[in-house]
Amino acid sequence: MPDRSMTDLILRNTRLAGGDDATVDIAIVNGKIAEIARAISSDAPFEDAGGRLVVPGFVDTHIHLDKSCILDRCRSDGSLQDAIAEVAAAKRAFTEEDVYARGRRTLEKAIVQGTTRMRTHVEVDPRIGLRSFEAIRRLQKDYEWAIDLEICVFPQEGLLNDPGTDELLVRACERGADLIGGCPYTDSKPHGQIARIFEIARRFGIDIDFHLDFDLDASWMDLEEVCRQTKAHGYGGRVAIGHVTKLSALPPARFEETARRLADAGVAVTVLPATDLFLMGRAHDHNVPRGVAPAHKLLAHGVTCSLATNNVLNPFTPFGDCSLVRMANLYANVAHAGQPRQLSACLDMVTTLPAKLMNLKDYGIVVGNPADLVVLDNRDPAMAVAELSQPLLGFKRGRRSFSRALPVLNPPG
Ligand SMILES: [Zn+2]
């Protein structure tokens with residue numbers, strides 16, 4: 001029996017995804033999970049989860065804190081090109097304090113929605129310089145009590161066509177960017193950008209996360225070049241691609257061939273349902289295509305997939321509460337994924353699978369890992385997605401990071 005005299009807290013009466021239906025207690029010592037067992041006998045302080053599901057926090061692999069909450073500064077016609085142009089114009093006026101304040105608002109929303117790990121993309125180019133990067137670095141440090149934030153610097157407006165951007169990306173990597181991203185679809189030489197991003201990533205030994213194939217024209221895909229270079233550089237398991245809405249436009253045989261190519265190369269996919277639904281299909285005035293890549297079908301071919309937030313309250317996505325439960329539900333609804341095992345897979349795509357995509361080595365409710373624990377108001381993983389169950393209580397490294405009260409009905413009398 002473990003020494004329980006040092007136990008700081010016990011989260012009692014929890015249910016774990018993938019476990020049997022029995023409830024377990026989770027003992028926390030020094031911010032780490034020390035024991036998982038039925039009815040742990042101890043005098044340590046405890047919280048009662050009431051038989052509810054506990055997850056190791058949500059993992060958001062793709063969000064843009066730096067350009068969130070700028071709707072009041074932009075007018076947009078709703079197209080992708082217009083969103084890029086509007087944000088590019090607004091970005092010129094961003095100060096470090098402004099980015100910090102808006103990023104904080106968005107980050108705090110994510111924390112109370114139960115997100116404990118996050119990868120934020122941050123734009124770097126000669127207009128914004130490293131102002132956004134420096135602001136987000138401060139947020140990374142100031143909020144480490146609640147969330148582990150990874151910074152992915154990337155050239156939203158192109159790299160080879162935008163002199164000065166390359167040097168800034170390199171400088172950001174020297175100053176501690178966690179990884180590098182790309183956006184080949186805005187570059188004058190998309191394959192040249194892909195090659196250069198791999199070069200910088202290898203120089204710094206960091207992972208890569210591209211914005212890719214963000215339209216519904218299936219006649220060409222940058223994905224093939226990314227898979228080719230991933231294999232050539234031995235980078236399998238270290239490359240992710242976001243959006244990839246072209247996958248939704250492929251007929252079954254080509255879809256399966258492409259899924260196998262991704263799995264074989266070790267390239268992961270992040271689907272961004274809110275943005276993809278909002279920006280795709282704009283050329284149609286009826287029978288509008290959904291434009292959301294079928295992530296749950298990619299899983300069946302062995303591709304690592306995540307569902308993520310992307311933009312919050314800006315021209316790319318004028319919505320957002322940073323809830324990954326909502327994103328899982330939105331995806332399931334749009335993708336016709338309503339079977340219990342499919343709904344359960346949608347929860348995996350905002351928890352364990354994004355953790356795998358980000359190569360997190362200490363994620364999960366396992367003895368020895370940090371006690372990152374979030375209680376959801378449901379007993380069942382599939383139903384938590386179906387019913388949009390709220391996160392009620394969160395711990396980061398064993399310390400309570402947020403709580404949410406249950407609603408109360410007030411019947412007459
Ligand atoms: Zn994005």
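Index from 1, following the sequence. Everything quoted here is computed from the prediction, not taken from an experiment. The figures here come from the full heavy-atom set of this structure, side chains too, leaving out hydrogens, waters and symmetry mates. Counting starts at 1 for both ligands and their atoms, in listed order.
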Identify, with sequence neighbours excluded, every residue that meets salt bridge (Lys or Arg N to Asp or Glu O under 4.0 Å) alongside Arg196.
-> Asp166, Glu199
Which of parallel (below 30°), tilted (30 to 60°) and perpendicular (above 60°) describes Phe210 and Phe198?
-> tilted
Within less than 2.8 Å of the Zn ion (ligand 1), how many protein N/O/S atoms are there?
-> 4
Would you call Glu257 and Arg260 a salt bridge, taking side-chain N to carboxylate O under 4.0 Å as the test?
-> no
Pairing residues for Ile128 by the side-chain contact (heavy atoms from CB on, under 4.5 Å) criterion, not counting sequence neighbours | Lys91, Phe94, Asp125, Arg131, Ser132
Ring pair (Phe, Tyr, Trp, His ring centres under 6.0 Å) contacts in which one or both residues fall within residues 334-391, not counting sequence neighbours = none
Is it true that Arg117 and Asp372 have a side-chain N and a carboxylate O under 4.0 angstrom from each other?
-> yes
